[in-house]
Enquirer: 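Quick one: the structure is below, and I'll ask about it shortly.
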Amino acid sequence: MNFAHPAFAPYRDPIDALGLAHALPSLDALNALATARGTTQSRGLPLRFFAADGRLPARDYETHILHTGQVPTRADTWHDVLNALVWLRFPRFKAALNAAHGEAIAFETDARRGRRRDALTVLDESGVWVLSRESALPALLTGHAWHALFWEARAQVETGMCFVVVGHALLEKTLAPYPSITGKCLLLRSDSLDPDAAEALAVTALGAIDTPRQLVPLPVQGIPGWDAANAHVAYYANKEIFRPARNAPP
């Protein structure tokens with residue numbers, strides 16, 4: 001498997017430790033790395049990956065992790081293995097997501113998922129941390145000013161922003177990337193562009209997220225350097241991918 005896409009840059013160590021470039025890992029290999037790293041969930045329980053009997057409903061999935069530290073994992077699918085990869089690399093963020101799910105479930109009166117859990121699920125599947133040293137560039141992102149952001153301000157984006165994919169479904173898409181891949185952003189103001197330093201900011205930011213509408217869409221292949229083709233200005237002219245904001249003039 002090819003993990004050359006820039007989205008995998010923060011995951012290089014666990015990718016190499018698990019030998020993911022050569023094959024899917026076993027549950028034993030995932031658990032050995034979790035043990036070696038001292039990975040825990042929000043209640044301090046050791047995190048372990050196990051093969052569930054059948055697929056659990058979303059509510060049961062989250063509460064099972066919260067109460068036991070055991071993550072249902074199909075080791076023969078990249079989707080679940082990449083979920084494990086994010087747990088191993090950013091355990092505090094994943095633990096905070098799981099704890100937030102548990103808190104939201106406690107306030108729900110029926111089986112329907114509320115807006116907060118919708119947002120948490122979007123982040124879990126398609127989330128991208130967008131770190132920026134100043135506010136002007138994220139403002140272009142929230143305004144869907146793609147040409148201004150990724151072309152006119154390209155040099156500033158390259159030196160003053162960092163994009164960290166934490167959604168495992170989004171990571172799965174970058175294994176075979178295509179131009180319209182879209183993530184959902186958790187915007188973080190940070191003087192440091194180090195993903196490790198950003199994790200604490202991301203955990204704190206979760207508390208203010210209560211609807212998917214707060215998560216700005218991001219065509220990730222438009223990030224400078226994430227697709228060789230975006231070195232040409234015409235790349236950003238495709239409005240089916242780089243859509244203007246709904247209230248923007250035609």
Side-chain angles (χ1 to χ4, degrees), residues 1-15 18 20-21 24 30 58 61-62 71 73-74 77-98 100-101 113 117-132 138 141-142 144 146 149-150 157 161-188 193 195-196 198-199 201-203 205-206 209 211-230 235 238 240-243:
M1 186 60 69
N2 186 354
F3 291 92
H5 194 283
F8 290 105
Y11 299 93
R12 192 59 52 205
D13 286 348
I15 286 171
L18 292 166
L20 298 189
L24 285 159
L30 292 172
Y61 175 90
E62 297 294 347
V71 182
T73 303
R74 299 164 296 176
T77 70
W78 282 111
H79 185 85
D80 284 17
V81 166
L82 292 174
N83 181 53
L85 183 69
V86 183
W87 266 108
L88 292 166
R89 180 63 179 85
F90 297 114
R92 288 180 295 166
F93 181 70
K94 290 287 280 187
L97 274 175
N98 175 236
H101 269 289
R113 192 167 64 192
R117 280 213 299 136
D118 279 343
L120 296 171
T121 301
V122 167
L123 281 172
D124 195 29
E125 296 284 345
S126 301
V128 184
W129 299 343
V130 179
L131 287 64
S132 180
L141 192 157
T142 58
H144 295 206
W146 308 114
L149 176 65
F150 288 142
V157 170
M161 298 185 84
C162 180
F163 302 84
V164 182
V165 174
V166 291
H168 56 283
L170 189 58
L171 283 174
E172 185 178 19
K173 291 175 183 177
T174 65
L175 290 172
Y178 51 90
S180 61
I181 298 175
T182 302
K184 291 300 184 74
C185 300
L186 188 63
L187 302 175
L188 305 172
L193 301 183
D196 291 310
E199 188 171 17
L201 294 176
V203 168
L206 280 181
I209 300 298
T211 172
R213 295 189 177 205
Q214 294 172 266
L215 307 173
V216 184
L218 170 66
V220 297
Q221 291 296 91
I223 299 169
W226 283 40
D227 185 345
N230 75 29
Y235 189 91
N238 186 343
E240 291 300 312
I241 296 173
F242 299 99
R243 298 180 181 180

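The first residue of the sequence shown is numbered 1, and numbering continues consecutively from there.
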Enquirer: Excluding sequence neighbours, so at least two apart, what forms salt bridge (Lys or Arg N to Asp or Glu O under 4.0 Å) with R74?
Expert: D80
Enquirer: So, for P91 and L88, which heavy atoms are closest and what is the spacing to 0.1 Å?
Expert: CD-O, 3.9 Å
Enquirer: Working to the nearest 0.5 angstrom, can you tell me the gap between S126 OG and K184 NZ?
Expert: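 Taking OG in S126 and NZ in K184, the distance rounds to 7.5 Å.
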Enquirer: Looking at CG of L187 and CG of L131, how far apart are the two atoms once the value is rounded to the nearest 0.5 Å?
Expert: 10.0 Å
Enquirer: With heavy-atom distances below 4.5 Å as the criterion, would you say the side chains of F163 and P6 are in contact?
Expert: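 Not touching, per the 4.5 Å side-chain cut-off.
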Enquirer: Dump the intermediate steps for side chain to side chain contact (heavy atoms under 4.5 Å, CB included) on N83 and K94, then the final yes or no.
Expert: CA-CA 9 Å; N83 181 53; K94 290 287 280 187; 2.5 Å; yes
Enquirer: Are any non-hydrogen side-chain atoms of L120 and I209 less than 4.5 angstrom apart?
Expert: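 Sidechains of I209 and L120: no contact.
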Enquirer: Roughly how far apart are L85 CG and E172 CD, rounded to 0.5 Å?
Expert: 12.5 Å
Enquirer: Identify the heavy atoms of L20 and W78 that sit nearest to each other, and give their distance.
Expert: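 So the minimum-distance heavy-atom pair works out to O-CH2, 3.5 Å.
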Enquirer: Show the nearest heavy-atom pair for residues P177 and L175, with the distance to one decimal.
Expert: CD-C, 3.6 Å
Enquirer: Under 3.5 Å, is there a donor-acceptor pair between the side chain of E199 and the main chain of R92?
Expert: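 Judged by distance alone, yes, a pair lies under 3.5 Å.
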Enquirer: Is the F242 to Y235 ring centre distance short of 6.0 Å?
Expert: yes
Enquirer: Using only atom types and a distance under 3.5 Å, with no angle test, would you say the side chain of N230 pairs donor to acceptor with the backbone of I223?
Expert: yes
Enquirer: Verify, without hydrogens or angle tests, whether H168 (side chain) and D124 (backbone) share a donor-acceptor contact under 3.5 angstrom.
Expert: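 Yes, H168 side chain to D124 backbone: donor-acceptor pair under 3.5 Å.
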Enquirer: Go through the steps for W87 and Y11 under the test ring-ring contact (aromatic ring centres under 6.0 Å, His included), then give the verdict.
Expert: CA-CA 11 Å; W87 266 108; Y11 299 93; over 10 Å; no
Enquirer: Below 4.5 Å, heavy atoms only, C-beta onward: do V164 and V128 meet side chain to side chain?
Expert: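 Contact flag for V164/V128 side chains = no.
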Enquirer: With sequence neighbours excluded, what pairs up with D13 under the salt bridge (Lys or Arg N to Asp or Glu O under 4.0 Å) test?
Expert: none
Enquirer: Taking side chain to side chain contact (heavy atoms under 4.5 Å, CB included) as the test, write out the residues that go with T182, two or more places apart.
Expert: P217
Enquirer: Using the rule given for side chain to side chain contact (heavy atoms under 4.5 Å, CB included), can you reason through K173 versus Q221, listing the C-alpha separation, both sets of side-chain angles and the distance that settles it, and then say yes or no?
Expert: CA-CA 11 Å; K173 291 175 183 177; Q221 291 296 91; over 6 Å; no
Enquirer: What is the minimum heavy-atom distance between W146 and P219, and which atoms define it?
Expert: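 Heavy atoms of W146 and P219 come nearest at CH2-CD, 3.5 Å.
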Enquirer: Answer yes or no: does atom CZ of R12 have more than 12 heavy-atom neighbours from other residues, nucleotides or ligands under 6.0 Å?
Expert: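 More than 12 heavy atoms, drawn from other residues, nucleotides or ligands, come within 6.0 Å of this atom.
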Enquirer: Treating T73 as the side-chain partner and V71 as the backbone partner, does any N or O pair qualify as donor plus acceptor under 3.5 Å?
Expert: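 Checking the backbone N and O of V71 against the side chain of T73, a donor-acceptor pair under 3.5 Å is found.
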Enquirer: Looking at residues at least two apart in the chain, or sitting in another chain, which of them share a side chain to side chain contact (heavy atoms under 4.5 Å, CB included) with A7?
Expert: H5, V165, L171, T174, W226
Enquirer: Return the set of residues passing side-chain hydrogen bond (donor to acceptor under 3.5 Å, both in side chains) with D196 (not counting sequence neighbours), or none when no residue passes.
Expert: R89
Enquirer: Please examine the side chains of H101 and Y61, heavy atoms only from C-beta on, and report whether any two atoms are closer than 4.5 Å.
Expert: no
Enquirer: As an exercise, state the distance from OG1 of T211 to CZ of R117, rounded to the nearest 0.5 Å.
Expert: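 One gets 14.5 Å once the value is rounded to the nearest 0.5 Å.
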Enquirer: Answer whether the closest heavy-atom distance between the side chains of H144 and V216 falls below 4.5 Å.
Expert: yes
Enquirer: Given side chain to side chain contact (heavy atoms under 4.5 Å, CB included), test L97 with V203 step by step and report yes or no.
Expert: CA-CA 8 Å; L97 274 175; V203 168; over 6 Å; no
Enquirer: Which pair of heavy atoms, one from L170 and one from G183, lies closest together, and at what distance?
Expert: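 Minimum heavy-atom separation between L170 and G183: CD2-CA, 3.7 Å.
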Enquirer: Kindly write out the residues that satisfy side chain to side chain contact (heavy atoms under 4.5 Å, CB included) with P224, not counting sequence neighbours, or none if the list is empty.
Expert: F150, R154, V157, E158
Enquirer: To the nearest 0.5 Å, what is the distance between CG (N238) and OG (S180)?
Expert: 9.0 Å
Enquirer: Do C185 and L215 come close enough that some side-chain heavy atom pair is under 4.5 Å?
Expert: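 They are not in contact (no side-chain heavy atoms under 4.5 Å apart), so the answer is no.
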Enquirer: Which atom pair, heavy atoms only, marks the closest approach of V130 to L141?
Expert: CG1-CD1, 4.2 Å
Enquirer: Would the distance check show the side chain of W129 and the main-chain N or O of A202 forming a donor-acceptor pair, the cut-off being under 3.5 Å?
Expert: no
Enquirer: When rounded to the nearest 0.5 angstrom, what is the spacing between CZ in F3 and CG in L82?
Expert: 6.0 Å
